[in-house]
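In what follows, a single structure is set out as structure tokens and then discussed.
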Amino acid sequence: MLRDFLTMMIVISIICRFYFYFYGSMSYKFPTKEKLKSKKLIDKLFAEGRSITQYPIRLVYLQIKFEDDTKCKVGVTASKRNFKSAVKRNRIKRLMREGYRLNKHLIFNNNENQFAFMFLYLGKEMPTQPKISTTMIRLMKKFATENSNRDIKE
RNA sequence: UAAGCAGGUCGCCUUAUCGCUGAUUUCAAUCUUUUGGAACCAGAGGAAAGUCCGGACACCAUAGUGCAGUAUAGCGGGUAACGCCCGUCCGUCGUGAGGCGAGGACAAGUGCAACAGAGAGAAGGUACAGGUAAUGCUGUAGUGAAAGCAGGUAAACUCUAUACGGUGCAACGCCAUGUAAAUCAGUGUUCGAGGGCUGCACGCUCAAGCUGAAGGGUAGGCGGUUAGAGUUAUUGAGCAAUCAAUAACCUAGAUAAAUGAUAAGGAAGUCUAUAUAUUAAUAUAGGCUACAGAAUCCGGCUUAUGGCCUGCUUUUUUA
RNA sequence: UGGCCUAUGGUGUAAUUGGCAACACAGCUGGUUUUGGUCCAGUCGUUCUAGGUUCGAGUCCUAGUAGGCCAA
């Protein structure tokens with residue numbers, strides 16, 4: 001048992017190191033600066049922004065110039081109509097934030113523009129972490145391809 | 001063993017990696033008070049919920065007077081206060097442990113009472129029996145929730161006693177940004193408009209603007225903001241709620257709203273499957289683990305909810 | 001965060017001061033008609049839920065549930 005445990009630990013640590021070696025330049029942080037807070041910005045985003053849906057998540061985005069030099073500002077919502085309990089809403093928002101945090105490198109590998117994002121949860125049932133992360137990855141890829149196309153057109 | 005009653009208690013734990021918020025220390029940059037990095041420490045509840053009561057705190061007169069309005073209601077105590085808690089009497093429900101009770105006044109006035117009944121509130125007088133000179137004069141019956149009685153009903157108006165000024169941290173104070181001290185109409189300056197967020201009147205106070213139309217700007221930050229009717233332990237007073245003394249401790253402060261994700265291991269309970277056993281149980285594998293998220297802060301109440309423990313009641317069975 | 005309001009057949013509304021829950025439309029069943037429509041008759045209710053006051057509650061009181069509205 002003890003030996004098994006030790007070997008497992010070693011393997012995990014090695015994997016972790018590899019992971020870091022690969023994505024050493026990527027940061028998984030999600031500080032306050034990158035959160036979308038201003039009411040003005042949010043109104044503008046919903047008025048003018050474009051959207052991509054990958055059920056059960058919808059992404060609304062808009063290309064804006066910020067005053068500070070953050071790459072993007074991100075907000076996350078779950079509607080009160082579908083989830084009445086505050087605990088469930090919080091849980092969904094946390095999961096989505098986690099999904100964004102771990103996969104945001106997919107967007108910013110090839111892109112230098114500044115964006116405002118808003119993730120909406122459209123489903124009516126409680127999600128699980130792997131589901132959210134997979135849908136997030138798909139969304140990100142969709143976004144990346146669409147956005148690069150648009151750049152070429154412009 | 002089954003059903004039930006009352007009370008207490010806990011609200012999964014550990015490690016690793018990545019991440020969030022705050023305090024402290026330190027390093028670097030800098031417009032000298034901000035930004036970034038590192039270390040270490042801390043980071044949701046018993047109900048944080050409902051917003052049903054009561055306070056603290058802030059502003060409006062150190063919160064005034066009268067009416068109106070609202071709430072409470074045996075008696076005694078506790079408390080900062082309460083519609084809360086404790087004790088106790090009475091009523092009521094239950095076989096019982098126990099539960100529940102807005103439990104003052106109808107001998108101030110007003111209203112209400114379907115059906116039934118002779119008769120439901122102010123007079124009249126049904127049946128039977130008794131009695132008288134005579135009479136509802138007396139008793140009983142029947143109707144109904146209530147009937148010859150100072151009737152019933154106040155969770156009907158009302159009266160009595162007591163309490164309550166209003167608005168709420170989106171209170172309030174400061175800074176920054178921005179425009180419009182603009183236009184039109186009405187009204188007003190000691191003969192006082194209007195405000196002080198009270199339904200009305202009085203009183204006090206500020207007092208040169210105020211109201212409407214159409215239109216413009218902002219919608220950011222800091223303080224308030226967490227050391228308090230605080231938590232734990234011991235001793236004493238009291239039937240108890242609770243109070244007093246002593247000692248130790250510091251324990252969340254977010255703001256599109258932090259306290260999360262992944263992996264591994266463990267504890268308790270429970271369900272399913274397999275094997276042993278075939279009364280109890282044991283082992284292995286897998287699954288499940290409730291209600292629910294601080295938002296100015298406290299004291300209660302109410303509602304939601306997973307276990308565990310203690311005491312008691314009733315019935316049955318065994319000894 | 002604070003304040004306020006509403007709930008009656010499937011839908012929209014009534015019900016005076018507590019005394020038999022009413023109306024219209026829709027649905028369903030039957031009749032009339034050769035058939036359909038019109039018309040006629042019938043049917044469809046835990047008065048949001050749970051307690052209490054009362055002889056008696058849609059109405060009065062208390063607590064909840066659901067829905068809605070207002071205030072920078």
Side-chain angles (χ1 to χ4, degrees), chain A residues 1-109 111-112 114-141 143:
Chain A
M1 283 295 287
L2 237 174
R3 268 189 199 168
D4 284 350
F5 185 72
L6 279 176
T7 48
M8 279 296 289
M9 290 302 297
I10 289 161
V11 166
I12 286 165
S13 64
I14 286 167
I15 287 168
C16 283
R17 269 180 209 170
F18 255 96
Y19 209 64
F20 268 91
Y21 187 74
F22 262 109
Y23 299 105
S25 58
M26 284 353 305
S27 71
Y28 292 94
K29 288 180 181 176
F30 186 42
T32 331
K33 264 192 174 181
E34 292 189 11
K35 289 175 186 169
L36 184 61
K37 288 187 176 181
S38 145
K39 197 180 173 184
K40 256 186 166 178
L41 268 180
I42 292 162
D43 286 344
K44 206 178 178 187
L45 173 63
F46 277 110
E48 303 175 12
R50 303 182 169 210
S51 66
I52 307 172
T53 32
Q54 174 72 50
Y55 190 82
I57 300 174
R58 169 179 287 170
L59 168 66
V60 180
Y61 66 95
L62 185 67
Q63 193 173 330
I64 314 180
K65 280 199 174 179
F66 299 116
E67 292 178 3
D68 42 351
D69 55 345
T70 46
K71 273 193 171 177
C72 64
K73 297 207 178 218
V74 179
V76 150
T77 64
S79 78
K80 202 172 184 178
R81 193 169 287 179
N82 295 339
F83 298 94
K84 291 207 165 173
S85 149
V87 172
K88 287 182 182 173
R89 260 179 284 139
N90 276 348
R91 167 130 185 109
I92 289 165
K93 279 148 83 174
R94 280 166 182 162
L95 288 176
M96 276 160 75
R97 236 176 269 145
E98 196 69 10
Y100 168 77
R101 185 176 70 79
L102 294 173
N103 298 314
K104 68 177 185 177
H105 57 86
L106 289 173
I107 293 178
F108 297 103
N109 273 343
N111 213 316
E112 294 294 321
Q114 292 184 325
F115 283 99
F117 292 111
M118 180 65 82
F119 292 94
L120 309 172
Y121 189 79
L122 302 176
K124 292 187 180 178
E125 292 173 357
M126 281 303 289
T128 52
Q129 173 61 22
K131 232 186 179 182
I132 285 244
S133 60
T134 50
T135 50
M136 268 288 181
I137 289 167
R138 279 188 199 166
L139 247 185
M140 297 286 188
K141 283 179 181 171
F143 173 79

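Computation of the quantities below employed the complete heavy-atom set of this structure, encompassing side-chain atoms and omitting hydrogens, waters and symmetry-equivalent molecules. Reminder, nothing fancy here: chain letters follow the sequence lines and each chain counts from 1.
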In whole angstrom, give me the gap between the [atom1] atoms of [N] and [M].
N       : M       : atom1 : value
U126(B) : A120(B) : P     : 14 Å
G307(B) : C288(B) : C1'   : 14 Å
U79(B)  : G299(B) : C1'   : 10 Å
C297(B) : G96(B)  : C1'   : 47 Å
G223(B) : A58(B)  : C1'   : 14 Å
U305(B) : U9(B)   : C1'   : 16 Å
C67(B)  : C164(B) : P     : 15 Å
U17(C)  : G152(B) : P     : 28 Å

Both distances under 3.5 Å, Watson-Crick or G-U wobble: report the partner of [N], or none.
N       : answer
U313(B) : A3(B)
A38(B)  : U25(B)
G87(B)  : C75(B)
A185(B) : U211(B)

Between protein and nucleic acid, restricted to nucleotides 44-51 of chain B and to nitrogen or oxygen atoms under 3.5 Å apart, what atom pairs and distances do you find?
none

- Item | Distance-only donor-acceptor test (3.5 Å): side chain Arg101(A), base C18(B) | yes

Taking only nitrogen or oxygen atoms into account, show me every contact under 3.5 Å that the protein makes with nucleotides 65-67 of chain C, one pair per line with its distance.
from, atom 1, to, atom 2, distance (Å)
G67(C), OP1, Lys84(A), NZ, 2.2
G67(C), OP2, Lys84(A), NZ, 2.8

- Message: If the glycosidic angle sits within 90 degrees of zero it is syn, else anti. Tell me which applies to G46(B).
- Response: syn

- Classify the glycosidic conformation of U251(B) as syn or anti, calling it syn when the angle lies within 90° of 0. syn

- Item | By side-chain contact (heavy atoms from CB on, under 4.5 Å) - contacts of Val76(A) (at least two apart) |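 Scan of Val76(A) (side-chain contact (heavy atoms from CB on, under 4.5 Å), adjacent residues dropped) gives Lys93(A), Met96(A), Phe119(A).
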
- With sequence neighbours left out, what residues match Arg138(A) under side-chain contact (heavy atoms from CB on, under 4.5 Å)? Gln54(A)

Check nucleotides 10-12 of chain B against the protein and report each pair of N or O atoms closer than 3.5 Å, with its distance, or say if there are none.
none

- Query: For RNA chain C, what is the dot-bracket line, given that a base pair needs Watson-Crick (N1 to N3, plus N6-O4 or O6-N4) or G-U wobble (N1-O2 and O6-N3) geometry with both distances under 3.5 Å, and | means paired with another strand?
  - Reply: (((((((..((((.....[..)))).(((((.......)))))....(((((..]....)))))))))))).

